[in-house]
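Down below is the structure, laid out as structure tokens.
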Protein chains: 2
Amino acid sequence: MSNSVQQSGGGAGKSQGVPSPRQLVSALVADGLLTDPDSPRGRLLNAAARLFEQKGFARTTVRDIAAEVGILSGSIFHHFASKEEILCGVMREVTVFARARMEQAVARAGTPRQQLRACIVCELEAIHGLAVPGFSILVVEWRSLSPQSQKRVLRLRDDYEQLWRDVIAAAGNPCEDPALARRLLLGALTHTHTWFKPRSRGLSLPELADRVLQLFAPAG
Amino acid sequence: MSNSVQQSGGGAGKSQGVPSPRQLVSALVADGLLTDPDSPRGRLLNAAARLFEQKGFARTTVRDIAAEVGILSGSIFHHFASKEEILCGVMREVTVFARARMEQAVARAGTPRQQLRACIVCELEAIHGLAVPGFSILVVEWRSLSPQSQKRVLRLRDDYEQLWRDVIAAAGNPCEDPALARRLLLGALTHTHTWFKPRSRGLSLPELADRVLQLFAPAG
DNA sequence: TTGAATACCAAGCGCTTGCTTGGTAGCGTT
DNA sequence: AACGCTACCAAGCAAGCGCTTGGTATTCAA
């Protein structure tokens, strides 16, 4: 259990070594991969992500989202063509950020087994809102997206999944099929969303990660 | 907690050997645990289950459900107090039936490991619409239920889960915590809903069940 | 023959929804 | 000073929603 929650560094610090979440966002914004969270569009995306996660897409109204950032509902449509476009935007941003974060964590890990553990921790943190706000929307609200929007998000999503599959394959897994292992693992991890409370006493997140790792890579 | 597999005796279908699904339904109807599927209420529940599974609760209108059984939308409210009551009813019926079915399968299996496999097969079949229509609604639409409705369904749901936990405990599992194992397993199995196609060539359902069993009870 | 119960129709109410329209205030550029 | 761009407001439309109301046809027991 070395480690592993990196410290979320202070606001502006240009540090050497491990970049903070905020620095990662800035870098991705600079690369044009993420929307600036301080722009009107970015603020709307963040507010929508929060609400979609809390109440679900269908029960979140554009009026809710607008109120969250302090504008009127109609004004939203100067930034997005439709409500679904907002969901689509949220999913794209979440996917890009989660992938970048996991890439970092893998690069920082040592052995293949530690890399797999890093992925598990990463995704658990994301699912439980400790690192990637809105991540659970990707799973829960997938059906709220139209087929063509699904296609667009799926391309980014596959980058994320490919990283997982590579790590699993390198770690050597019990069922000898990285894609299958990932699918079972993904299900197990996302479902923790409904029962696991990372802040409660009892099972901690790193402990849970170890249990899962033990299951999917028993050679420990 | 020991226990608990009793066979739910039939009110009506007195056959020897293994009862068919239809006989099981009849028995449960006779015991007052299930709504007669030929009654107006039963027909509505079945239609609603089908639609909720296809399009989701939020995007299914009471007009859709009414049209499915050939009545007008207003007439629904002579059978249910609200749309949510329909969802609640569907979930209760699905849970009761799935539990009875799994009980049968467990009773029919030999060793504890075979019992665990029977549970896995049972749930996979349920999830993929091969045995318990509407089962996936239990997972996907859980948040569409009001807190008090959730409580009511949860009581039935816990019977179902207890059966699982007993079987897992008896089989001896890798992480020595039946509740945790069940949760990870539940996530893995329900998530197959999004990717596994039981009718396609490639991985078959029994094969998938074996892979999962191997993972959660490696002592094979 | 009556009366109550069941199952449904016909019509529509009141509300919420996503989204549109026309206009304006502020700001940076030329 | 004039322009254009961004960001937003004020007002409201059309459609769809869950649900209500008042009434009718059928059935069956008393």
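The chains referred to below are lettered A, B, ... by the order of the sequence lines, with proteins before strands, and numbering in each begins at 1.
Looking at A:Arg101 and A:Gln104, their side chains never bring a donor and an acceptor atom within 3.5 Å of each other. Remark: the A:Glu123 side chain and the A:Tyr160 side chain contain an N/O donor-acceptor pair separated by less than 3.5 Å. Looking only at atom types and distance, the side chain of B:Gln162 has no donor-acceptor partner in the side chain of B:Asp158 under 3.5 Å away.
Distances were taken from every side-chain heavy atom of A:Thr61 (C-beta onward) to each of C:dC19, C:dT17, C:dG23; the shortest belongs to C:dT17. The side chain of B:Phe77 has D:dC19 as its nearest neighbour among D:dC19, C:dC19, D:dC8. For A:Leu72, the side-chain atoms get nearest to D:dA10 when compared with the rest of D:dA10, D:dG22, D:dC8.
The CD atom of B:Glu68 sits 18 Å away from the C1' atom of C:dC8 (whole-angstrom rounding). Between B:Ile76 atom CD1 and D:dG18 atom P there is a gap of 9 Å when expressed in whole angstrom units. Between A:His79 atom NE2 and C:dT20 atom P there is a gap of 15 Å when expressed in whole angstrom units. Taking atom NZ on A:Lys83 and atom C1' on C:dT16, their separation rounds to 11 Å, with Å as the unit. Rounded to whole Å, the distance from CZ on B:Arg59 to C1' on C:dG18 is 15 Å. Remark: P of D:dG18 and CG of B:Leu44 are 14 Å apart, rounded to the nearest angstrom. The distance between atom NE2 of A:His78 and atom P of D:dA10, rounded to the nearest whole Å, is 13 Å. Remark: P of C:dA7 and CG of B:Asp38 are 13 Å apart, rounded to the nearest angstrom.
Separating the CG atom in A:Leu45 from the CZ atom in A:Arg92 is a distance of 11.0 Å, to the nearest 0.5 Å.
Taking the six-membered ring for Trp and thresholds of 30 and 60 degrees, A:Phe57 and A:Phe52 have ring planes more than 60 degrees apart, a perpendicular arrangement.
Checking B:Ser75 against A:Pro40, the closest nucleotide of DNA chain D that is more toward the 5' end is the one next to A:Pro40. Two residues, A:Glu84 and B:Arg43, neighbour DNA chain C, and the one matched to the more 5' nucleotide by heavy-atom proximity is B:Arg43.
Note on B:Ser39: nothing from the nucleic acid sits closer than 4.0 angstrom, heavy atoms only.
Residue-to-nucleotide contacts include no donor-acceptor pair under 3.5 Å from the side chain of B:Ser82 to the base of D:dC19. For B:Arg63 against D:dG18, a side-chain-to-base donor-acceptor contact under 3.5 Å is present.
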